[in-house]
Amino acid sequence: MANEFPQAMVIGGSDSDGSAGIEADLHSFFMRGVYGTVALTAAVAGNSYGIHDSVTLPLPFIAKEFEVLADDLDIKATKTGMLADADLINTVADNLEKYDFGQLVLDPVIVTKHGALLLESEAFNTLKQRLIPLATVMTPNYYEAEHLVGRKLPGKDDVIAAAKELQNLGAKNIMIKGKRSEDEDTVDDYVLLESGKSFWLPAPFFATDRRNGTGDTVSAVITAELAKGSDVESAIRIARAFVSEAIMHPIAVGHKFGPINHWANEPQRP
Ligand code: PXL
C-alpha cells in the first residue's frame, strides 16, 4: 500500500490571510476528499485590504519540489496558481514535461480582486507558448480571457469566440468565468469542451465583498474531481455548484474583501 489515496498538486503562491492562493486550493482539495500537495512558487503578504508585499522562490528550489514529489507520490491532477514571471513559467513547464503529474488545470492568475498584478504582462506569451498546450482544462476569468486574447469581450459572442481562440492555442477544455448577464441577475460561465460541446453555466449573482479565492476554488475543485477520476464536464459542474454555495454563505473573516466559505456545502456549515 503506497499511493492509492487520490492526490492532487497546486503549483502556486501562498496568500498569508488564507483567502486565496494555495490556502484556498488546499481547503478545496480537503473538502473534496483529495490529498493536497504544493510546489510553492511565491508568497504574498496579503490581508482582506490587499496585497502588501510578495516574493518569489528560487527556481532551483521550485525544481527540487517537483523532483521530490515525483520521486514519492502519485499525483493524478495538478493546477496552477500564481506564476509571477516568464522564468518561473519556463521552470514549471520544464518540470511538467519531465515528470507525470496527471491532468493539468491551468488557472491563468493575472490579477487579484484588489487589482494587484500576480503575473507580469511580459510573461503572457510564455504562458501561451509553454503552458496552454499542456492544459486539460483552462479556467480564465472574463478579465484574464480579455488579456490573453488581447481585446475586450463585451458580448456573449465575443466570449464564445475567445474560448475557441484559447482552445486553438492547445488547451483541450476552456471555462471562461464570471460574465455578468445583461440584466445583472446572474454571473455566467462559458464552457467549451474538447468534443466541441459548449454551454453556459449561469449562477445567481450574490452581492458580497467576501469572494476572495473564488477563481482558485473553481480550478481547485475541478482538479480534485479529475484526481478522483471524474470526467471534465462533471468536474466543472461540481466546481461551479461548490463555489456558488461558498459565496452565498459567507463567513466573517477580515474587514474588507474576505474569503469565501469552503464549509458551505457541509450540512453543519458555519
Ligand atoms: O486569487 C488569486 C490569487 C492566487 N494566488 C495568490 C493570491 C491570489 C489573490 O490574492 O494572493 C498567492
Side-chain angles (χ1 to χ4, degrees), residues 8-31 36-58 61-62 65 78-85 87-89 91-92 104-121 123-124 127 131 135 137-148 175-178 187 189 208-224 239-240 242-244 246-247 250-251 253-262:
M9 167 165 68
V10 48
I11 306 164
S14 162
D15 187 352
S16 52
D17 78 347
S19 66
I22 64 155
E23 288 78 5
D25 297 321
L26 292 173
H27 294 151
S28 308
F29 291 163
F30 183 84
M31 292 311 295
T37 67
V38 181
L40 193 68
T41 56
V44 308
N47 59 20
S48 71
Y49 294 105
I51 303 274
H52 305 273
D53 203 358
S54 72
V55 292
T56 56
L57 270 74
F61 176 81
I62 296 172
E65 294 181 288
T78 293
K79 65 152 285 184
T80 60
M82 178 177 175
L83 297 176
D85 59 38
D87 288 346
L88 216 155
I89 291 173
T91 298
V92 167
L104 181 67
V105 178
L106 178 62
D107 190 21
V109 172
I110 293 177
V111 80
T112 70
K113 290 272 173 317
H114 326 96
L117 204 62
L118 296 183
L119 181 69
E120 292 176 2
S121 48
F124 292 178
L127 185 94
L131 286 182
V137 188
M138 183 178 175
T139 59
N141 62 31
Y142 171 64
Y143 176 82
E144 289 157 350
E146 287 188 335
H147 272 269
L148 289 167
M175 177 185 194
I176 298 182
K177 302 168 300 188
V187 183
D189 298 342
T208 173
D209 278 346
R210 300 185 183 278
R211 40 177 79 240
N212 244 15
T214 302
D216 313 67
T217 299
V218 170
S219 53
V221 173
I222 294 171
T223 308
R240 180 61 260 184
F242 182 98
V243 91
S244 284
I247 291 170
I251 45 174
V253 175
H255 289 84
K256 213 161 177 239
F257 300 109
I260 59 171
N261 179 3
H262 287 90

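Computed from heavy atoms alone, side chains included, the values below leave out hydrogens, waters and symmetry copies. Read the numbers this way: they start at 1 and go in the same order the structure lists the ligands and their atoms.
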Atoms in ligand 1 flagged as close to Gly13, the criterion being non-hydrogen separation under 4.0 Å: 12 (C)

His255 and Tyr49 aromatic ring geometry - parallel, tilted or perpendicular at 30°/60° bounds: parallel

pair Leu148-Met138: side-chain heavy atoms closer than 4.5 Å: yes

Ligand 1 contacted by Ser14 (non-hydrogen, < 4.0 Å): yes

Qualifying residues under ring-ring contact (aromatic ring centres under 6.0 Å, His included), relative to Tyr142, sequence neighbours excluded: none

Exam field: side chain Thr80 to backbone Ile11, donor-acceptor pair closer than 3.5 Å: no

For Val44, the ligand 1 atoms whose distance to one of its heavy atoms is below 4.0 Å: 11 (O)

Within reach of ligand 1, part of Leu118 (heavy-atom separation under 4.0 Å): side chain

Within-4.5 Å side-chain heavy-atom neighbours: Met175 and Val218: yes

Atom indices of ligand 1 within 4.0 angstrom of Ile51 heavy atoms, with elements: 10 (O), 11 (O)

Asn212 N/O to ligand 1 N/O under 3.5 Å: no

